[in-house]
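Chain identifiers are assigned alphabetically (A, B, ...) following the order of the sequence lines, protein sequences preceding nucleic acid strands; residue numbering begins at 1 within each chain.
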Amino acid sequence: MKQAGSVQQKLRHSELGLSDERVISMYKTMMLARRFDERGQLLQRAGKVNFHVSGITQEPSQVAMGFAMDREKDWFLPYYRDYGFVLSLGMTVRDLLLSIFAKEEDPNSAGRQMPGHFGSKRLRIVTGSSPVTTQVPHATGFALAAKMRGEPSVAIVTFGDGSSNQGDFHEGCNFAGVHQLPVIFVCENNQYAISMRYEQQTRGRICDRALGYGFPGIRVDGNDPLEVYRVVKEARERAVAGQGPTLIEIMTYRVTAHSTSDNDLAYRTKEEVEFHKSKDALPVFRQYLTDAGLWSEEEEATLQSEIRSTIDEANEYAERAPFQSPEDSVRYVYAEEGN
Amino acid sequence: MKQAGSVQQKLRHSELGLSDERVISMYKTMMLARRFDERGQLLQRAGKVNFHVSGITQEPSQVAMGFAMDREKDWFLPYYRDYGFVLSLGMTVRDLLLSIFAKEEDPNSAGRQMPGHFGSKRLRIVTGSSPVTTQVPHATGFALAAKMRGEPSVAIVTFGDGSSNQGDFHEGCNFAGVHQLPVIFVCENNQYAISMRYEQQTRGRICDRALGYGFPGIRVDGNDPLEVYRVVKEARERAVAGQGPTLIEIMTYRVTAHSTSDNDLAYRTKEEVEFHKSKDALPVFRQYLTDAGLWSEEEEATLQSEIRSTIDEANEYAERAPFQSPEDSVRYVYAEEGN
Amino acid sequence: MPVIEYIEAIRLAMHEEMERDGDVFVMGEDVGLKGGVFGTTKGLQQQFGQQRSIDAPLAESAIAGVAIGAAMAGMKPIAEMQYSDFMFPATNQIISEAAKIRYRSNNDWNCPLVIRAPIGGGVFGGLYHSQCPESVFFGTPGLKIVAPATAYDAKGLLKAAIRDPDPVLFFENKKCYRLIMDEVPDEDYVVPIGKSNVMREGSDLTIIGYSMPLHFAMQAAEELSRDEGIEAHILDLRTLQPLDQEGILEAVVKTGKVLIIHEDNKTGGIGAEVSAIIAEHLLYDLDAPIRRLCGPDVPAMPINPPGEKHFLLNKDKVKAAMLELARY
Amino acid sequence: MPVIEYIEAIRLAMHEEMERDGDVFVMGEDVGLKGGVFGTTKGLQQQFGQQRSIDAPLAESAIAGVAIGAAMAGMKPIAEMQYSDFMFPATNQIISEAAKIRYRSNNDWNCPLVIRAPIGGGVFGGLYHSQCPESVFFGTPGLKIVAPATAYDAKGLLKAAIRDPDPVLFFENKKCYRLIMDEVPDEDYVVPIGKSNVMREGSDLTIIGYSMPLHFAMQAAEELSRDEGIEAHILDLRTLQPLDQEGILEAVVKTGKVLIIHEDNKTGGIGAEVSAIIAEHLLYDLDAPIRRLCGPDVPAMPINPPGEKHFLLNKDKVKAAMLELARY
Ligand SMILES: Cc1ncc(C[n+]2csc(CCOP(=O)(O)OP(=O)(O)O)c2C)c(N)n1
Ligand SMILES: Cc1ncc(C[n+]2csc(CCOP(=O)(O)OP(=O)(O)O)c2C)c(N)n1
Ligand SMILES: [Mg+2]
Ligand SMILES: [Mg+2]
């Protein structure tokens with residue numbers, strides 16, 4: 001796959017309308033997400049932070065999603081593993097580290113919420129919570145607002161495979177289907193919900209559920225970010241054209257434990273995990289760029305050192321940053337005067 | 001359809017394993033449900049009771065469902081239009097009239113709940129409430145209990161088309177799918193949810209939703225009770241054989257207003273209603289029996305007069321029966337001593 | 001000033017706010033062509049179109065959740081729950097989401113949402129068309145809750161709720177819809193959220209309550225004044241969250257005797273908090289134990305007439321309790 | 001008597017009841033192979049199999065709803081909500097269904113269901129892994145609610161809940177899981193639902209509360225006794241619904257001064273009802289206003305350590321309030 005057909009592969013991103021710069025930028029963002037994620041794990045293991053939840057191996061498709069959308073117009077409702085997604089939307093590693101350290105300057109919640117609970121009005125990233133799937137009807141609501149206002153905005157929302165079994169998935173999708181709203185529902189099917197394998201969560205295919213709501217449902221290989229890009233982009237075009245929602249099921253795999261609080265070897269084998277690690281899309285994507293003549297060993301080395309210093313700086317900054325004061329931590333229950 | 005092919009049709013019920021007595025009994029039950037329902041409307045119009053909710057035109061398929069199940073073993077979770085269903089399960093017209101008049105002797109709730117809120121442990125009819133669709137997970141729970149105990153019981157639950165858009169539909173179906181439980185989910189799609197047409201509720205087909213839960217979904221014409229019987233019976237056999245749930249969508253039409261509190265001509269035309277009234281399955285079923293040589297004008301006359309006197313007697317009894325005393329009306333919040 | 005029905009006041013408030021602000025819209029089951037099962041949204045779709053009077057699929061969690069999304073996007077949705085009994089499927093969206101959006105985002109996002117839901121019994125609706133769900137939502141900071149008793153307040157509070165930048169639960173009493181009529185000005189006005197209202201001045205005992213039962217208290221007060229010379233001071237809380245602590249304490253001080261009334265069952269009701277506030281701040285001003293007269297602690301009222309009557313407050317029950325307290 | 005952890009007491013109660021009665025089973029997210037995210041159901045699947053320790057899809061309304069169905073069918077399900085913060089999607093099933101099944105069927109059907117849910121903060125769980133949801137369910141007749149503070153009570157109350165013919169919400173405190181250890185007999189016993197417990201005898205002031213904060217009160221009481229000669233009388237409600245009115249009043253009479261404590265936010269909390277009961281029955285026995293020391297009225301506690309600390313009660317905060325009241 002890597003050697004043969006490289007001439008043909010060279011064209012894949014161009015065929016999708018992605019410039020060389022953009023596809024390189026996608027790769028850089030994936031790598032940044034990966035390295036940030038590894039830092040998060042490290043910080044937790046070192047006892048510097050209490051908790052980290054990882055998106056490793058899901059980043060390539062997350063970044064592809066982000067790049068397929070319009071950062072100026074669309075609305076983004078990510079879920080807690082979406083570091084790759086939010087980094088592709090303009091959130092910085094410093095923002096994420098401020099959140100991991102739960103510091104006041106964290107733009108997501110001023111250190112009120114757990115890491116992975118994203119939100120930034122400036123970046124059109126909608127504030128999220130822990131109870132899973134509540135964001136699905138919210139995305140429908142953003143799409144409804146866009147339609148009512150005649151704005152060419154599309155709402156894109158992500159959630160896990162387990163989460164697709166919540167009532168809110170059903171209700172949010174169905175509402176969007178009836179009103180043909182510009183919204184993309186993305187299930188990142190990493191085949192586990194904490195300890196529960198996919199087959200313990202459902203016997204159907206999640207993408208097939210779209211049929212019951214009257215819009216297309218598509219399953220796509222998460223280890224093929226360009227294909228994810230294509231599918232999301234098409235869904236976006238349909239949405240903008242008034243053709244309604246799309247459900248996309250990204251097939252991926254959770255290679256880390258559910259979170260740093262979980263011991264995954266209590267319910268699955270190392271072999272299973274290693275098998276999926278070997279399918280990691282990140283080196284494949286790098287190879288693609290290399291084969292396309294867009295990437296070199298030197299560029300890789302430079303990227304890695306840049307990322308390292310970005311993360312180091314952000315880490316230091318975030319670690320030193322102050323917590324929100326206890327007095328301020330009880331503010332903003334309601335609008336304050338002059339709000 | 002009535003004349004031609006009658007020889008072939010004669011065999012239909014026998015082919016399905018229904019004896020002549022049973023198929024006649026089905027017809028009688030349908031007619032009883034119809035006449036009871038008409039009495040309910042009359043009583044409301046006469047100001048004798050406050051409220052009636054009608055199942056007219058849905059009874060033939062409801063009765064077919066009841067006859068396809070095992071009254072001794074199965075569990076029944078009807079919804080509020082299911083007079084035909086519960087009458088086929090052993091509830092009497094007197095029980096129903098006691099409920100309409102909200103009298104203490106009403107076996108469903110001692111006159112606590114609105115009519116159409118069925119329940120009788122003796123008849124294995126599970127107590128229901130007004131918030132729609134909550135009974136769907138309950139049915140799954142009954143099926144789970146049956147499976148755990150190794151009992152050959154199947155739970156069958158009904159609900160409306162609008163109600164299928166509640167989260168509980170999704171969650172209850174999915175749970176049953178994962179655990180391959182002996183349960184039959186029946187949507188009585190009468191094409192309206194109060195004022196809202198089917199297309200305002202969903203753009204998909206309800207039966208197609210089963211695909212996303214990994215079990216069969218079947219759409220069946222509600223005006224063909226023998227076909228409904230066949231489909232439900234097959235679903236029951238699959239369930240008993242450990243092959244899991246089935247979703248059945250019965251296509252029907254609500255010819256009455258939503259309830260006596262509703263004015264349906266505010267949102268649909270008389271013509272539309274008349275068109276569907278003309279497709280009423282009850283006279284067709286009678287013709288089927290007649291063509292099969294199982295039914296005559298005289299038998300019809302006898303049946304009508306029997307039904308009338310049954311209903312009259314029950315009506316009189318129920319009207320005279322006492323209400324639950326105010327003191328007793330606050331009992332049974334919790335188990336009482338010796339319960 | 002024109003005298004109008006409580007339900008008409010609600011309809012007018014929506015109508016005027018929708019004319020005033022293009023971001024305001026209504027959404028709920030049957031709110032469009034039918035105009036709602038009670039007729040509260042009648043005419044709105046005709047005037048403002050299907051886009052601003054949206055018939056929503058039968059799914060309350062979506063009605064709340066979609067409205068929350070639209071509100072975060074800057075719209076001002078009025079989500080209708082057909083009966084408050086049917087708002088429980090939306091509890092997670094209301095408590096986990098609407099109530100916490102501003103707080104969890106440190107003021108970055110907010111949720112200017114109104115959820116209207118008819119409460120209360122007396123319409124032969126039985127267990128699931130009569131409930132008072134206040135206590136379920138009352139303990140959740142981040143929500144505002146209002147429950148008007150008059151047409152004037154219904155209109156003014158609904159307008160205030162629609163203009164409020166935070167989520168407001170608007171509990172309208174279905175028994176009041178056509179029974180309660182009072183003067184409502186033609187001009188635009190709001191009733192501020194968080195302010196109680198003295199409905200009647202008196203010096204012998206204080207009644208504190210909200211929604212329908214206050215009308216029983218008013219009738220009883222007239223009779224007690226006429227027949228017994230007892231003068232009741234009656235406070236309408238109007239807003240349940242945040243409670244008007246100042247208003248409550250002032251009303252208590254007036255008489256030193258307090259009867260709290262509501263239709264919701266007693267245990268865990270709003271009355272408990274009102275009583276606790278008084279017991280914390282005015283213990284030494286009390287001349288009698290704090291009484292609560294509320295619905296009995298049963299799951300809901302039965303549909304049969306004697307059962308319903310037994311469950312509900314009425315003028316006579318309130319009057320008896322008032323008399324007993326006055327004589328204490 | 002062996003001293004065991006609170007969490008172990010819960011596990012043991014389930015284990016013993018499952019051995020005792022084949023109709024008892026557990027169901028919830030990750031309760032099987034993993035043994036629950038806190039390890040509360042560890043070993044149950046190994047011993048009782050997948051059918052009696054059921055990993056349920058991630059859908060709380062189904063977990064409650066399916067359990068309700070099974071309970072009506074005669075089983076005795078123990079449904080686990082992973083965190084009490086995540087039980088709100090099941091609110092409709094709990095309030096509209098479980099709570100009303102006996103009542104609405106006039107005693108024909110019943111629902112012997114236990115729902116276990118971990119409450120409380122102090123584990124750096126932030127807004128949605130720390131909440132106390134008591135107030136949401138407290139006002140609903142037909143439910144029973146228990147919230148043990150000790151390992152002994154956890155075991156005895158869970159056994160009582162499992163054997164109870166009506167639905168019981170069992171609120172276990174996640175901070176207590178490994179922090180609280182006490183003597184638990186090997187023999188079978190139950191702690192009756194509806195009975196409070198005097199944790200400490202005293203004559204100067206009465207503390208009434210439940211769950212984790214009582215341990216702060218106990219520590220503070222020891223210090224106050226030693227350093228100030230102040231003797232606190234401490235009552236553990238244990239059962240929140242139905243409240244033990246008699247026990248509450250007895251505890252109040254002992255001292256005439258009452259401090260109510262809980263971690264759930266103040267407005268609309270259980271403390272309000274406790275206070276209202278006292279204000280209704282013992283007004284003249286009080287030597288001080290009824291105080292409540294509770295979580296602040298904000299949506300939930302932040303995850304950052306100073307914010308969490310600011311939100312939560314602790315020994316010092318409770319002690320300060322006790323001292324102030326004692327000196328009143
Ligand atoms: C309503 C709700 N119930 C339970 C939880 C606890 N919980 C957090 S993540 C998770 C599993 C989610 O699985 P999935 O949706 O597949 O996403 P993944 O973590 O695999 O990416 C659970 C059960 C929750 N956050 N919200
Ligand atoms: C949760 C809930 N929301 C709203 C209602 C009010 N309501 C009663 S019946 C009904 C329409 C039901 O439509 P459908 O499911 O199609 O059944 P049908 O009445 O057509 O047989 C509505 C909205 C309810 N009972 N429960
Ligand atoms: Mg997953
Ligand atoms: Mg229908």
| message | I'd like to know whether NZ of B:K48 has more than 12 heavy-atom contacts from other residues, nucleotides or ligands below 6.0 angstrom. | response | no

On a heavy-atom basis, the closest approach of B:V330 and C:P296 is CG1-CG, 4.5 Å

Heaviest contributor of heavy-atom pairs below 4.5 Å to chain B, chosen from C:D85, C:V298, C:V37, is C:V298

Applying a strict 4.5 Å limit to non-hydrogen atoms, the region of C:V123 in contact with chain B is neither

Stepwise, does the side chain to side chain contact (heavy atoms under 4.5 Å, CB included) test hold for B:S130 with C:Y83?
CA-CA 11 Å; B:S130 308; C:Y83 285 78; over 6 Å; no

CG of C:D55 to CD1 of B:I194, rounded to nearest 0.5 Å, is 10.5 Å

Item checked: C:L127 vs B:R112 side-chain heavy atoms within contact, under 4.5 Å -> yes

Q: State, yes or no, whether a side-chain contact exists between B:S195 and C:D30 at a heavy-atom distance under 4.5 Å.
A: yes

**Q.** Within-4.5 Å side-chain heavy-atom neighbours: B:T202 and C:P57
**A.** no

Interface check, chain C: of B:A266, B:G167, B:S129, B:A193, most non-hydrogen pairs under 4.5 Å belong to B:S129

The side chain to side chain contact (heavy atoms under 4.5 Å, CB included) partner of B:S329 among C:E308, C:K309, C:H310 is C:H310

When the 4.5 angstrom heavy-atom criterion is applied to B:D264 and chain C, the contacting part is neither

- prompt: Are B:P326 and C:F311 close enough that some pair of their side-chain heavy atoms sits under 4.5 Å apart?
  reply: no

Okay, C:Q82 and chain B: the region with an atom under 4.5 Å from a heavy atom over there is side chain

So CD of C:E29 and CE of B:M196: to nearest 0.5 Å the spacing works out to 7.5 Å

In this structure, CD1 of C:I54 is separated from CD of B:Q200 (nearest 0.5 Å) by 11.5 Å

Within the distance-only criterion (no hydrogens, no angle test), does the side chain of C:N304 pair as donor or acceptor with the backbone N or O of B:G111 below 3.5 angstrom?
yes

Counting neighbours of CD on C:Q47 that are heavy atoms of other residues, nucleotides or ligands and sit closer than 6.0 Å, is the number greater than 12? yes

When the 4.5 angstrom heavy-atom criterion is applied to C:A62 and chain B, the contacting part is neither

message = What I'd like to find out is whether the side chain of B:D262 reaches to under 4.5 Å of the side chain of C:K34, using heavy atoms alone.
response = yes

Rounded to the nearest 0.5 angstrom, the CD-OH distance for B:Q113 and C:Y128 is 5.5 Å

Any heavy-atom pair between the side chains of C:P299 and B:V333 that's under 4.5 Å?
yes

C:I303 and B:A102 have their tightest heavy-atom pair at CG2-CB, 3.9 Å

Answer key: most heavy-atom pairs under 4.5 Å with chain B among C:A56, C:G32, C:G126 is C:A56

Cut-off 4.5 Å, heavy atoms of chain C, and the answer for B:N165 is both

Most heavy-atom pairs under 4.5 Å with chain C, out of B:G162, B:S261, B:A110, belong to B:G162

